[in-house]
Amino acid sequence: MSTRAAGSFLLRHLGPRVFGPASSPAAAAPRPLLPLAGGGERGGAAVAVWVRLLSTSAAEAKEEAAASKGNAGSTAAAKAEAAVAAKEGGGKEEKAQVASSYWGIAPSKLVSKEGAEWRWSCFRPWETYKADTSIDLTRHHQPKVLLDKIAYWMVKSLRVPTDIFFQRRYGCRAMMLETVAAVPGMVGGMLLHLRSLRRFEHSGGWIRVLMEEAENERMHLMTFMEVAKPKWYERALVLAVQGVFFNAYFIGYLISPKFAHRVVGYLEEEAIHSYTEFLKDLDAGKLENVPAPAIAIDYWQLPADATLKDVVVVVRADEAHHRDVNHFASDIHFQGMELKEAPAPLGYH
């Protein structure tokens, strides 16, 4: 009788709690145990224990749920506070990073000759110069041997599609020319650098000469970028031409440095011709003689009222110096010597 009484009591009191819908907090409070009619003490004690266990478990579950909600709220608040603190601290770190560096590298504060703060990071005040415009622009290397003739006519043939594409648009023409002219110096300097490392020998200063040539040509490009804004198809043409020319010149320099330097010498002669035509159109009023870009004024130490014509004059002088250096390098190879055996013309331009 006691077992049946206990079973009926569990079903009557615990059935709705277990199988029924969730009850409200008020309904979840433990109920007082009722005395069992005619039941034994052991059955009543067992029922009391089960009821208390289930009631305690339900209360603990609700307490845990409430605590987890509180923890979630406090965690979200902590994250928000951390984000605000990081944002405020990030600004302070950025300001501190400008002033100093973990590696001890602080940005140098430079001034120009006039005492004004230097505004260029791509070159320094001591890297500026006055171009030697008195150089002979008509000097030409007459091709005599077969290799020179191949180089000469190769360059002449490349001029035909260039004239067709650009015609008299010399601003865009100069920009395209400089994207190509800056490649040979970098390729030649890189290969001489690797050779110096492989053979454990000096380069005679030619690595620096060729790298300076590449940097000077790149500065020409940075200048003409301020004058002529390239269109999308001109940018696409630069990608194609540079990709082809870089690889062709790289292979050509590996096979025959004297041929590679001769090609560059003739390319520079064509550049002198193009800039001369550029100046003719400026003098004739066909092109507007706009003020010189600020980067050109500082790089070539031009007067403050310099114009585009002044820029073209100094750029043409640079090309004439590059012409002489590359023809000279080719002549050294033609005489059966290596570049390191002849003093490099450092600072020639």
Can you give the donor-acceptor pairs under 3.5 Å from side chains of residues 236-255 to other protein atoms, not counting sequence neighbours?
| residue | atom | partner | partner atom | Å |
| --- | --- | --- | --- | --- |
| Asn247 | ND2 | Gly243 | O | 2.6 |
| Tyr253 | OH | His261 | NE2 | 2.9 |

Please tell me whether Met154 and Leu146 are part of a single hydrophobic cluster in this structure, the criterion being side-chain heavy atoms less than 4.5 Å apart.
yes

Is a salt bridge present between Arg199 and Glu338, judged by a nitrogen-to-oxygen distance below 4.0 Å?
yes

Quick one: OG on Ser196 to CH2 on Trp206, what's the gap to the nearest 0.5 Å?
15.0 Å

The single option from Lys258, His141, Met337 passing side chain to side chain contact (heavy atoms under 4.5 Å, CB included) against Asp331
His141

Using a strict threshold of under 4.0 Å (side-chain N to carboxylate O), is an ion pair present between Glu270 and Lys156?
yes

Got more than 12 heavy atoms from elsewhere within 6.0 Å of CH2, Trp153?
no

Backbone N or O of Trp300 within a donor-acceptor pair of the Thr128 side chain at under 3.5 Å?
no

Donor-acceptor contact present, side-chain Asn289 to main-chain Lys309, <3.5 Å
yes

What distance separates Met190 CE from Leu210 CG, expressed to the nearest 0.5 Å?
11.5 Å

State yes or no: do Val155 and Val160 share one hydrophobic cluster built from I, L, V, M, F, W and Y residues joined by side-chain heavy-atom distances below 4.5 Å, directly or via other members?
no

Ignoring hydrogens and geometry beyond distance, is a side-chain donor-acceptor pair present between His220 and Asn216 at under 3.5 Å?
yes

Same cluster for Tyr129 and Trp126 if Ile/Leu/Val/Met/Phe/Trp/Tyr side chains link at under 4.5 Å?
yes

Will you find, in the side chains of Asp318 and Tyr275, an N or O donor that is under 3.5 Å from an N or O acceptor?
no

Does His273 reach the main-chain N or O of Glu269 with its side chain, forming a donor-acceptor pair under 3.5 Å?
no

With a 4.0 Å cut-off, would you call Arg323 and Glu319 a salt bridge?
no

Treating Ile, Leu, Val, Met, Phe, Trp and Tyr as nodes and any side-chain heavy-atom pair under 4.5 angstrom as an edge, say whether Leu158 and Ile272 lie in one connected cluster.
no

Between Arg139 and His327: side-chain donor-acceptor atoms closer than 3.5 Å
no

Where the side chain of Asp310 meets the backbone of Thr307, is there a donor-acceptor pair that is under 3.5 Å apart?
yes

Has Glu117 got more than 12 heavy atoms of other residues, nucleotides or ligands less than 6.0 Å from its CD?
no

Any non-hydrogen side-chain atom of Ile135 less than 4.5 Å from a side-chain atom of His321?
yes

